[in-house]
Amino acid sequence: MSSTTNEAPTAPIPLLGKPKQQGRKGASSVGKTACIRTFGCQMNVHDSDRMRRMIQDAGYAEVQRYEDADLVILNTCYVRENAVDRVRGHLGELNRLRREGRVKKVALTGCIGAAEESTRLRETYNIDLVLGTHNTYELAEFVGLPTMRETYTPELPGTEGEHSAFVTIMTGCNYQCSYCIVPTVRGRMICRPLGSVIEEVENLVAGGTEYLTLLGQTVDAWRHEGKRFCDLLEAVSEVAPRVWFTTSHPSNMEDRTLRAIGERETIVKRLHLPVQSGSDRMLKIMHRGYKAERYRRKIEVFREAAPDGTLSTDIIVGHPGETEEDHERTLELVEDCEFDSAYIFKFSPRRGTEAAEAPGTVPDAVVGRRFLEVLRAVEQNAFRRNQRKVGGVEEIFIRHGATEDGKAIGETWSGHAVHVDTDAAPGSYVTAKVESAGPHVLYAGAPTG
Ligand code: SAM
Ligand code: SF4
């Protein structure tokens with residue numbers, strides 16, 4: 001399971017394996033090099049995968065260092081201000097390299113590309129191409145490929161690695177949470193047709209992909225031609241050897257889906273359900289559309305359906321107007337739900353959102369203390385829960401091959417992250433005994449099978 005952190009809830013996962021060629025070669029770019037840097041969530045990691053395929057089809061070789069690249073693509077996040085500060089730092093560095101003639105072109109894509117901020121950045125840093133999340137496909141023409149009209153098509157699948165892949169099932173978001181810039185930069189919800197998703201999943205599985213992650217801002221809000229998210233999840237689980245989904249909204253999460261997680265063998269028993277606060281007063285101010293009690297009931301259904309499963313959440317501390325009593329309610333909810341991990345964020349004002357103008361700013365020192373209190377409560381629970389796994393024998397899916405210390409990183413069917421003593425290849429399964437556990441990860445010995 002992911003660690004408790006103040007980073008993006010869906011932190012970038014290292015890319016493994018080489019994307020497959022799609023046969024849409026661009027002759028003009030042969031011999032050129034490109035570097036892609038990704039900031040933010042898994043949606044961005046996935047969009048970067050698609051751009052990676054485009055540049056490879058156009059004949060660019062991918063390089064890791066800016067100074068070796070003709071084209072640099074910064075695929076960005078706008079959810080919190082510190083993400084924007086980081087991108088500004090990279091743009092400054094790229095300007096210097098461009099003046100020295102070491103980088104020729106710079107493209108800014110992703111959520112900052114879709115925000116007003118991009119106009120100022122374009123002027124300040126002489127950016128050559130700015131694309132938002134809605135028109136990522138226009139990169140194709142920029143790198144000399146035939147014009148594309150859509151980003152998410154089965155013909156341009158995105159991969160995390162050969163053995164695991166992201167599949168976008170919806171884009172945008174129809175909620176208007178007080179603090180969140182996502183609806184502004186990613187637009188309203190658009191759901192991909194079931195047939196298009198299944199076609200992409202079938203292609204990926206036929207190509208050897210073992211692990212599919214269904215992606216979207218609120219995947220459980222997916223609807224299309226009378227079908228709902230659970231229908232789509234069940235259909236994918238019939239085809240995919242292993243499937244997970246992220247991220248979900250408590251208002252859309254149906255008990256039927258929670259039960260399917262427990263019942264269907266190919267669905268990983270892991271739920272990421274962002275709660276944001278344990279206080280009904282704050283949930284109302286945030287426009288989340290549910291009360292803490294309803295969230296608790298959902299968790300009860302999940303725990304009953306998948307008692308061994310893992311549960312993670314997102315929590316914001318220090319939203320304007322948050323009192324000590326509200327904070328206490330959050331701590332209570334953390335105790336009651338016994339999260340296996342949580343992404344805890346200090347509130348960051350985003351221009352254009354309701355919360356950025358709201359009264360009741362919480363002093364930094366108070367935010368810092370509340371952050372640590374929530375973190376401690378989550379970690380204590382997670383540690384306790386992980387101890388229950390010690391001594392058990394688990395079937396582990398290897399996600400990342402062994403590093404220098406001889407440990408590979410895998411995942412159990414319950415969704416726990418495990419360090420395993422093995423040189424097994426990514427995409428394979430091993431069976432091993434869990435020997436110890438920390439708050440974020442389990443440690444298994446050499447495989448027994
Ligand atoms: N759609 C998902 C949901 O509603 O649960 C979350 C998407 S958002 C990109 C990921 C997380 O970032 C949110 O769940 C929230 O906890 C956090 N977040 C969003 N805006 C924020 C802000 N202005 N300050 C701090 N955290 C923020
Ligand atoms: Fe942002 Fe709320 Fe939409 Fe999630 S549901 S993306 S937090 S507006």
K.L.:
Check whether any side-chain heavy atom of Val236 lies under 4.5 Å from a side-chain heavy atom of Val167, and answer yes or no.
P.N.:
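Sidechains of Val167 and Val236: no contact.
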K.L.:
Does the side chain of Thr168 come under 3.5 Å of the side chain of His46 through a donor N or O and an acceptor N or O?
P.N.:
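Short answer, yes.
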K.L.:
With a 4.5 Å limit on heavy-atom distance, are the side chains of Asp231 and Arg256 in contact?
P.N.:
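Yes; the side chains approach each other to less than 4.5 Å.
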K.L.:
Apply side-chain contact (heavy atoms from CB on, under 4.5 Å) to Gln380 and list each qualifying residue two or more places apart in sequence or on a separate chain.
P.N.:
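side-chain contact (heavy atoms from CB on, under 4.5 Å) list for Gln380, sorted by chain: Arg376.
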K.L.:
So, are Asp47 and Arg186 salt-bridged, with charged N and O less than 4.0 Å apart?
P.N.:
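Yes.
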K.L.:
Looking only at side chains, do Ser48 and Asn75 share a donor and an acceptor under 3.5 Å apart?
P.N.:
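A pair is found: one side chain offers a donor N or O, the other an acceptor, under 3.5 Å apart.
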K.L.:
With the side chain counted from C-beta on, respond yes when Thr422 and Ile398 share a heavy-atom pair under 4.5 Å apart, and no when they do not.
P.N.:
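Yes, at least one pair of side-chain atoms sits under 4.5 Å.
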K.L.:
I'd like to check Glu200 versus Asn203 (side-chain heavy atoms, cut-off strictly below 4.5 Å). Are they in contact?
P.N.:
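Result no, sub-4.5 Å side-chain heavy-atom pair not found.
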K.L.:
Under 3.5 Å, side chain of Arg370 to main-chain N/O of Glu322, donor-acceptor pair present?
P.N.:
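At least one qualifying donor-acceptor pair exists.
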K.L.:
Heavy atoms only: give me the nearest Leu139-Met54 pair and the separation to one decimal.
P.N.:
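For Leu139 and Met54, the tightest heavy-atom pair comes out as CB-SD, 3.9 Å.
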K.L.:
When you look at Leu333 and Val275, which way does the side-chain contact (heavy atoms from CB on, under 4.5 Å) test go after all the steps?
P.N.:
CA-CA 9 Å; Leu333 184 126; Val275 65; 3.8 Å; yes
K.L.:
Is Arg296 salt-bridged to Glu300, going by a charged N under 4.0 Å from an acidic O?
P.N.:
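No salt bridge links Arg296 with Glu300.
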K.L.:
Have Tyr66 and His90 got a donor and an acceptor in their side chains that come within less than 3.5 Å?
P.N.:
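Distance-only check passes for Tyr66 and His90.
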K.L.:
Can you tell me which residue pairs pass the salt bridge (Lys or Arg N to Asp or Glu O under 4.0 Å) test with a partner in residues 428-449, sequence neighbours excluded?
P.N.:
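Applying salt bridge (Lys or Arg N to Asp or Glu O under 4.0 Å) to every pair that reaches into residues 428-449, excluding sequence neighbours, yields nothing.
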K.L.:
Is a donor from one side chain sitting under 3.5 angstrom from an acceptor on the other, for Asp314 and His272?
P.N.:
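A pair is found: one side chain offers a donor N or O, the other an acceptor, under 3.5 Å apart.
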K.L.:
Taking all non-hydrogen atoms of both residues into account, name the closest pair between Leu375 and Ile344 and its distance.
P.N.:
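Scanning both residues, the minimum pair turns out to be CA-CD1, 3.4 Å.
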K.L.:
Could you tell me whether Glu199 and Arg192 make a salt bridge, using a distance below 4.0 angstrom between a side-chain N and a carboxylate O?
P.N.:
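No, no charged N to carboxylate O under 4.0 Å.
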K.L.:
When you measure from the side chain of Asp220 to the backbone of Ser248, do you find a donor-acceptor pair of N or O atoms at a distance under 3.5 Å?
P.N.:
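It does not hold such a pair.
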K.L.:
Can you name the residues that form a side chain to side chain donor-acceptor pair (under 3.5 Å) with His419, not counting sequence neighbours?
P.N.:
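His419: no side chain to side chain donor-acceptor pair (under 3.5 Å) contacts found.
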K.L.:
Using the salt bridge (Lys or Arg N to Asp or Glu O under 4.0 Å) rule, collect all pairs that involve residues 405-415, keeping only residues at least two apart or in two chains.
P.N.:
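Non-adjacent pairs meeting salt bridge (Lys or Arg N to Asp or Glu O under 4.0 Å): Arg242-Glu411, Arg270-Glu411, Lys407-Asp421.
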K.L.:
Counting N and O atoms only, with roles assigned by atom type, does the side chain of Asn386 sit under 3.5 Å from a partner on the main chain of Phe383, one being a donor and the other an acceptor?
P.N.:
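Not a single qualifying donor-acceptor pair exists.
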K.L.:
If you measure from NE2 on His416 to CD1 on Ile396, what distance do you get to the nearest 0.5 Å?
P.N.:
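Here the rounded value is 11.5 Å.
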K.L.:
Hey, is Glu325 close enough to Arg329 for a salt bridge, meaning N to O under 4.0 Å?
P.N.:
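A salt bridge is present here (some side-chain N lies under 4.0 Å from a carboxylate O).
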K.L.:
Report the residues that fulfil side chain to side chain donor-acceptor pair (under 3.5 Å) with Asn252, sequence neighbours left out, ordered by chain and then residue number.
P.N.:
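So Asn252 forms a side chain to side chain donor-acceptor pair (under 3.5 Å) with Tyr175.
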K.L.:
Only counting residues at least two apart or in another chain, list the ones meeting side-chain contact (heavy atoms from CB on, under 4.5 Å) with Asp308.
P.N.:
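Listed in chain order: Lys389, Ser414.
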K.L.:
Return the OG1 to OH distance between Thr33 and Tyr60, rounded to the nearest 0.5 Å.
P.N.:
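Thr33 atom OG1 to Tyr60 atom OH measures 8.5 Å (nearest 0.5 Å).
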K.L.:
Is Ser164 reaching over with its side chain to a backbone N or O of Tyr211, donor-acceptor style, under 3.5 angstrom?
P.N.:
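No, Ser164 side chain to Tyr211 backbone: no donor-acceptor pair under 3.5 Å.
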K.L.:
Supply the atom-to-atom distance Trp222 CH2 to Ile169 CD1, rounded to the nearest 0.5 angstrom.
P.N.:
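Taking CH2 in Trp222 and CD1 in Ile169, the distance rounds to 7.5 Å.
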K.L.:
Out of Phe397, Trp413, Phe245, which residue meets the side-chain contact (heavy atoms from CB on, under 4.5 Å) rule with Val268?
P.N.:
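Testing each of Phe397, Trp413, Phe245 against Val268, the sole residue satisfying side-chain contact (heavy atoms from CB on, under 4.5 Å) is Trp413.
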K.L.:
I'd like to know if the side chain of Thr109 and the backbone of Ile73 have a donor-acceptor N/O pair within less than 3.5 Å.
P.N.:
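Not confirmed, Thr109 side chain does not pair with Ile73 backbone.
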K.L.:
Would you indicate whether the side-chain heavy atoms of Val84 and Glu81 approach each other to under 4.5 Å?
P.N.:
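Yes, side chains in contact.
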K.L.:
Nearest 0.5 Å, what's the CE-CE distance between Met43 and Met170?
P.N.:
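Separation between the atoms: 7.5 Å.
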